[in-house]
Amino acid sequence: MDTGVRKVKSVRLENVRKTFGGQRGVEEVDIEIRPGEFFTFLGPSGCGKTTTLRMIAGFYYPTSGRILFDGQDVTYWKPEKRNIGMVFQNYALFPHMTVFENVAFGLEVRRLSRNVIKEKTERAIRMVHLEGYGNRKITELSGGQQQRVALARALVIEPGILLLDEPLSNLDAKLREETRIEIKRLQTEIGVTTVYVTHDQTEAMTMSDRIMVMKDGVVQQVGSPQEIYNRPVNQFVASFIGESNLLDGEVLEVQDGRAAVDVGGNRLIGLAANASPNTRLVRGAKVKLLVRPESVMVGDGPNPLTGTVLLAEFKGFGISYLMQAGPLQLKAMSVNVGRGILQRGDEVTVHIPEQGIYFIGE
Amino acid sequence: MEPATAWNKTMQSVKSGFVRSNVAVYVLISPLLLVLLAYVVYPFYQTFVQSAQNADGAFSLANYVKFFNWSASRANLEALWTSVYISILSVVTCGIVGVSMAFLLERYEFPGRRWLALFALVPMAFPPLIGALSFTFLYGESGIFPRAFQALFGLAEVPFALRGVAGVLVVHTFTMYTYFYLNASAAIRELDPSLEEAARSLGAGRLRIWRKVILPMMTPSLVAASLLVFMTSMASYTAPLMFGVERTMTMQIYLSRTNGNLDMAATQSTILSLVSISFLILMKWYQNRRNYQNQNKGVGPHRTEVRSPAVKYLFMALSVVGVIVLMLPILVIVLLSFSVDGAWTVQILPTSYTVQHYIDLFTDERTWRPVWNSIRMSLIATAGNIVFGVAAAYAMVRLPFRGKTLMDVVIMVPWALPGTVVAVNLIAAFSQPSVFSFNQVLIGTFWIVPLAYFVRHLPLVFRSASASLLLADRSVEEAARSLGANWWLAFRRVVLPTILAGIFAGALLSFVQGIGEFVASILIYNVSTMPLSVAIFQKLYAFQFGTACAYGVLQILLIILVLAISQKLGGSKAGAPM
């Protein structure tokens, strides 16, 4: 928050591996997080994202590989030497201290003068909109307020890196959105390098500059939210991020940069460039087609399909449909612009634009 | 309106008024209040009356003036002072031993840790008399170790021996450090590891984390343990008795009583009660004031593996020493239980052995009698405890009524009162006929001892029953009621089964405490109802160590059995005194 001589750091994980007594924790993580970047580790629980974060924090040491901050090897540094700010899933606020004492703790450790501590702490408390709460006990705060104290405590020490371990998972839906925006605002203002751990793809998509998707300790894909969403490298990433139709198909022919595929008796045509690296687009090859529901549009057009509506869900901003088209079940979405809503049993024609089809290898 | 319907209406309004005004609740709890009034409050009041009257029966504080008059007699004030300073020192020694054990065992992983953790709880298996007894056998003036060293170095006198206040302190440390150990262990286990990590991420070193995070978080449980040890030390009677420290409050009460100075015994009792009760209130107040709720989640507690070989061996050696020190008291009791009575005089160890004491135990009617007395009296007291403890727990947890706090205190008072005081109170109340004893003199009869056990151990059943009730979901009972079950059916079919394990654990504890009870028994037993502990004490004075120790082994086995059963039931927490 001090815009003065703050040093924002880069983080490099070099072939980092971690095993717990022979059991695999994390496999070969090799990434570079740029200064000021908002970087998210995303994956289901047990995928190794928290383990990786804790190695950056210094609570675990890698079994092999190196961790570098700004090119400096910190692999075996103790956590207290790393100048990191960390927000824990359960906030880990000191229950025997007031809000002020919690926030001031890291500054006291750094032996700053009383006046400076007071000034910085008060500024941090203001920054998270908790003016007047300084003398409150932690137990007298709501979940959202506790969360903000945890943020203030992590940021007041002007960390080189901010680490957030599922910070929103203990909040209710409404607060979660509010706090998400708040965290992003603070991060943008301060510009601190941030590593964020979550299993919630919405959080990951909306907040991050880049996302690392993990599964069973193995990195699946690293990329911007758009890349991850539009060009997932495999079925896991495709289905983990966002809603999706994953259809089985067999390649009929490839011509002029277009691929025709048989999907349940329908001939669908997509762009051959719209394919994950492991895809073999040759005649007779089995492929998966990723079609996002928003690419399945009601009305006639390229790649048309007809069927009946099984389920219609009105979501306010749009309508989600589940439809049966021959052997296929398709999820479709249309934006709510005041047109009527189809009912269960209605006959419907949908189409899929060519760029709405993405091929993934088996 | 027809008269019949009017009548019905009136009846309905009377009925609903009955429920609304909670008259039903008061009808339910009045027997409880009556029992508490009769056997806790009234005896206490009688003791006070006895202490506060002169020879003519008029009100007078002469006894209290005498107690606090330094120039007339120093014994009383000295006793008060000795009791207090032994208690404070006990808190310190128990705290040091208990907390270091807790940290060693909870935070570090080293060879032998599991064994030490297992044996750390051994002192809980000692009835008070046996604990003190084993230490005099091991380390007293004619104990095994001092004699062994004397022989080893050919000395004229024993080089060291536990005696006096030091002896009392060692026994207190051995028997009471578990309060600190259990409380500190629980606190360490519940300590959210992410708090420590948060402090580290903010740059705090080991020392600062200790000072600023761990210790403050543990303070409530350490204070609770301190108060507990202090109260137990103030009430301690057997250790001063075995080590001949006469100037303690409990010993003074005993001496005044045996010298026939009943007024003074009553005065001393009242003063000691006031100290104990004020500590009880202090403890309640403190527990309500400080309550850090941990939201412990995710990463579990971690033990640091000791890697440095030197430290590893040090810890191992400590474990071995610890296990030996903890086991010796049991071993010596077992060993002596096989020794021939009267054969162990100046030798290091008894020279001749026999299994006769165990055979006698089950064949000789006279040897068996105290065991049977204790079982009978303890069973009667436990039955009473179950009925009233469960009823009181249900009333306290589930029913709304005025005067709850008062009832809570009155139920817990017997737990804070030293056994000596409970006995003196009962003597004061029931050495003449009263309404509460159905116009009988209870002193000298069979019933007085079970009554003392009942009063002393009521809190045990009450606590474990109310702990299980608090855990049980209230809506389960409401569901039963909504399905048409009346109160009694709902209680019998739904509430009782869910808390049965808790009740059973409390009842078992109450039963073994009764079997081991000595402090109150020694003041009120009569020859035909002599309980086990008093028999042990008398055998000791008759130099029949073997028989005494065989009795002791029986008590220890019973307690271990009960502890094991309640551990199985998961009622171990309810069994802890606080």
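Reminder, nothing fancy here: chain letters follow the sequence lines and each chain counts from 1.
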Run the side chain to side chain contact (heavy atoms under 4.5 Å, CB included) check on Met217(B) and His96(A) step by step: do they pass? CA-CA 7 Å; Met217(B) 293 291 293; His96(A) 56 291; 3.4 Å; yes
Drop me the distance from Gln89(A)'s CD to Ser194(B)'s OG, to the nearest 0.5 angstrom. 9.5 Å
What part of Arg208(B) lies closer than 4.5 angstrom to a heavy atom of chain A: side chain, backbone, both or neither? side chain
Listing, residues 225-233 of chain B side-chain donor-acceptor contacts under 3.5 Å, not counting sequence neighbours, or none:
unit_1	atom_1	unit_2	atom_2	d
Ser226(B)	OG	Leu222(B)	O	2.8
Thr232(B)	OG1	Leu228(B)	O	2.6
Ser233(B)	OG	Val229(B)	O	2.8

Within the supplied structure, the quantity of interest is the number of heavy atoms (other residues, nucleotides, ligands) at a distance under 6.0 Å from Lys184(A) NZ; does it exceed 12? yes
Which answer fits Arg153(A), side chain, backbone, both or neither, if we ask what part of it has an atom under 4.5 Å from a heavy atom of chain B? both
Could you check whether atom OH of Tyr133(A) has more than 12 heavy atoms from other residues, nucleotides or ligands sitting under 6.0 Å from it? no
Residue Asn135(A) excluded, over 12 heavy atoms near CG under 6.0 Å: no
Is Glu196(B) close to Phe59(A) at the side-chain level, that is, under 4.5 Å between some pair of heavy atoms? no
Are the side chains of Lys78(A) and Arg200(B) in contact, using a 4.5 Å heavy-atom criterion? yes
Count the heavy atoms belonging to other residues, nucleotides or ligands that lie under 6.0 Å from OH of Tyr313(B), then report whether that count exceeds 12. no
Nearest 0.5 Å, please: how far is CD in Glu80(A) from CG in Leu202(B)? 11.0 Å
Output yes when Lys212(B) and Glu108(A) qualify as a salt bridge under the 4.0 Å nitrogen-oxygen rule, no when they do not. yes
Residue Phe94(A) versus chain B: region with a heavy atom under 4.5 Å: both
Would you say the side chain of Pro95(A) lies within less than 4.5 Å of the side chain of Leu195(B), judging by non-hydrogen atoms? yes
